[in-house]
Number of protein chains: 2
Amino acid sequence: MRLVIARCTVDYAGRLTAHLPSAVRLLLVKADGSVSVHADDRAYKPLNWMSPPCWLTEDDGSWVVRNKADETLTITLEEIQHDSSHELGLDPGLVKDGVEAHLQELLAEHVHTLGDGWTLVRREYPTAIGPVDLLCRDHDGGSVAVEIKRRGEIDGVEQLTRYLELLNRDPLLAPVQGIFAAQQIKPQARVLATDRGIRCVTLDYDALRGIESDEFRLF
Amino acid sequence: MRLVIARCTVDYAGRLTAHLPSAVRLLLVKADGSVSVHADDRAYKPLNWMSPPCWLTEDDGSWVVRNKADETLTITLEEIQHDSSHELGLDPGLVKDGVEAHLQELLAEHVHTLGDGWTLVRREYPTAIGPVDLLCRDHDGGSVAVEIKRRGEIDGVEQLTRYLELLNRDPLLAPVQGIFAAQQIKPQARVLATDRGIRCVTLDYDALRGIESDEFRLF
DNA sequence: AACTCGATCTCGGGG
DNA sequence: CCCCGAGGTCGAGTT
């Protein structure tokens, strides 16, 4: 990883064209060849960048970074205040917990918490407009589509509504009930769901994990 | 801006919990107080970060960055290889061209490319749930609502659907056709639009610009 | 301040 | 490989 602090101008030409007037900035050149240009604010997003795979050619204070689609990032250096390189090695990467995929996994293993005698048909049940998170059968064999979110907002209710409309056209499945399941459900989303006959279920992540570990302990 | 290269472990607790095992990384502390942790790959995204407004407390090799929602980023430094600070000053910021606003502008000037004899009523036609990108009249005087996106996805079709439902309640406008116009239209979005009787149009940005410059040359 | 929506989104998973 | 959805989305503009 190479760190350069320099007064520079930057031009990007590709999916759009963009220009940065002269100022002092951080230029970050990573081992994969990628380059990013940072100002002294915003943790997350650089002012400008080129993602890998791409290649840097350096010619006397003029850098050109190019990728396969022939997009270019041109950096003109005017005054270098710092220039250092560092060996970092491979990163072991991030360990996450508490995301939607894990919620889906947990609920899929415990659909009986939604209703007695319920069974899972499949996760990611495919439709022409995208996969339904869970398709289940209730104790009577009726179909239930479940949409799972970490945070339940209006978008999620709209998504489930689209799935239900489509699934209910399938005579093998219809009628299909809907369940909107999330760790937190926004009041507006709850109103909309209820108005459309969709049941809302608040998920307790720790409790689902608890069930998991309880069942594990039984064996 | 402060640049630190150090072997460290990182823990984030907030909207999720995440952990980074010990490795050498770049720690970037910006003037707004934000902190980001970078590995030697991926130009854009830090492995972990805290966005401003937030506050760093440093206590003998242990950093804690906290925000108002009480999310915390904890960095434990094990071995510091580099530590430097730099004065950057305010950045004049990025000048962009070629985004959705420009597409709308171009298409507004050339609604005849959507159909012979079509005319523009107005851009950003106001409704109670937001502005419609373009409202047009076809050769028969019928109303047409146009939603413009750079990339056409399902969300955009939903948005246009809501506008059409509202506009069609206005007896002065109804019936109102819908056109979903984008540089690229995703298959699922096309299926949904077509199912709802919405016409899909693929926009060629360079061609629209070409028309522009051709017409310019005529004068 | 809350909400909406675009983004050179980035990133990961599944077919 | 592309398609698709999620994101600690971020960040800007508007109400």
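Just so we're on the same page: letters track the sequence lines, and every chain starts at 1.
Residues forming a side-chain hydrogen bond (donor to acceptor under 3.5 Å, both in side chains) with A:Asp11 (at least two apart in sequence, or on another chain): A:His19. Qualifying ring pair (Phe, Tyr, Trp, His ring centres under 6.0 Å) partners for A:His86, counting only residues two or more places apart in sequence or in other chains: B:His82. The side-chain contact (heavy atoms from CB on, under 4.5 Å) test applied to A:Thr127 returns A:Tyr125, A:Ile129, A:Val132, A:Tyr163, A:Leu166, A:Leu167, not counting sequence neighbours. Applying the ring pair (Phe, Tyr, Trp, His ring centres under 6.0 Å) criterion to A:Trp49, with sequence neighbours excluded, gives B:Tyr44. The salt bridge (charged side-chain N to carboxylate O under 4.0 Å, His left out) search around A:Asp83 returns A:Arg2, not counting sequence neighbours. For the salt bridge (charged side-chain N to carboxylate O under 4.0 Å, His left out) test, no residue two or more places apart in sequence or in another chain qualifies with A:Glu78.
For the OP1/OP2 pair of D:dA6 and a distance below 4.0 Å, the side-chain nitrogens and oxygens of A:Lys149 include at least one atom meeting the criterion.
Distance CG/A:Leu164 to CD1/A:Ile198: 5.5 Å, rounded to 0.5 Å.
Among residue pairs with one or both ends in residues 64-77 of chain B, those qualifying as side-chain hydrogen bond (donor to acceptor under 3.5 Å, both in side chains) are B:Tyr12-B:Glu71, B:Arg15-B:Glu71, B:Arg66-B:Asp70, B:Asn67-B:Glu71; sequence neighbours excluded. Listed by first then second residue, pairs satisfying side-chain hydrogen bond (donor to acceptor under 3.5 Å, both in side chains) with a partner in residues 23-39 of chain B read A:Lys30-B:His38, A:His38-B:Lys30, A:Asp91-B:Arg25, B:Asp32-B:Ser34, not counting sequence neighbours. Sorted by first and then second residue, the pairs that involve residues 182-196 of chain A and meet salt bridge (Lys or Arg N to Asp or Glu O under 4.0 Å), not counting sequence neighbours, are A:Glu153-A:Lys186, A:Glu158-A:Arg196.
The NZ-P distance, from A:Lys96 to D:dT9, rounds to 10 Å in whole Å. Summarising the geometry, the separation between CG on A:Leu192 and P on C:dC3 is reported as 15 Å, rounded to the nearest angstrom. Between B:Lys30 atom NZ and D:dC10 atom P the separation is 14 Å, expressed in whole Å. Nucleotide C:dA2 holds its P atom 14 Å from the CD atom of A:Glu153, rounded to whole Å. We find that CG of B:Leu103 is positioned 16 Å from C1' of C:dC5, with the value rounded to whole Å.
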What does the list of N/O pairs under 3.5 Å between the protein and nucleotides 2-4 of chain D look like, with a distance for each?
unit_1, atom_1, unit_2, atom_2, d
D:dC4, O3', B:Gln188, OE1, 3.4

Any protein N or O atoms within reach of nucleotides 9-15 of chain C? Criterion: under 3.5 Å, listing atom names and distances.
unit_1, atom_1, unit_2, atom_2, d
C:dC9, OP1, A:Arg15, NH1, 3.1
C:dC9, OP1, B:Arg151, NH2, 2.5
C:dC9, OP2, B:Arg150, NH1, 3.1
C:dC9, OP2, B:Arg150, NH2, 2.6
C:dC9, OP2, B:Arg151, NH2, 3.2

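For the contact set between residues 158-165 of chain B and DNA chain D, defined by any heavy atom under 4.0 Å, there are no members.
Residue contacts shown for A:Met50 are absent, as no nucleic acid heavy atom lies under 4.0 Å away.
Mapping B:Pro52 and A:Leu94 onto DNA chain D by nearest heavy atom places A:Leu94 at the nucleotide closer to the 5' end.
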>> What verdict does the salt bridge (Lys or Arg N to Asp or Glu O under 4.0 Å) test give for A:Arg122 and A:Glu124, after you've listed the backbone C-alpha separation in whole Å, the side-chain angles of each residue and the deciding distance to 0.1 Å?
In response: CA-CA 7 Å; A:Arg122 74 165 285 184; A:Glu124 305 286 348; over 6 Å; no
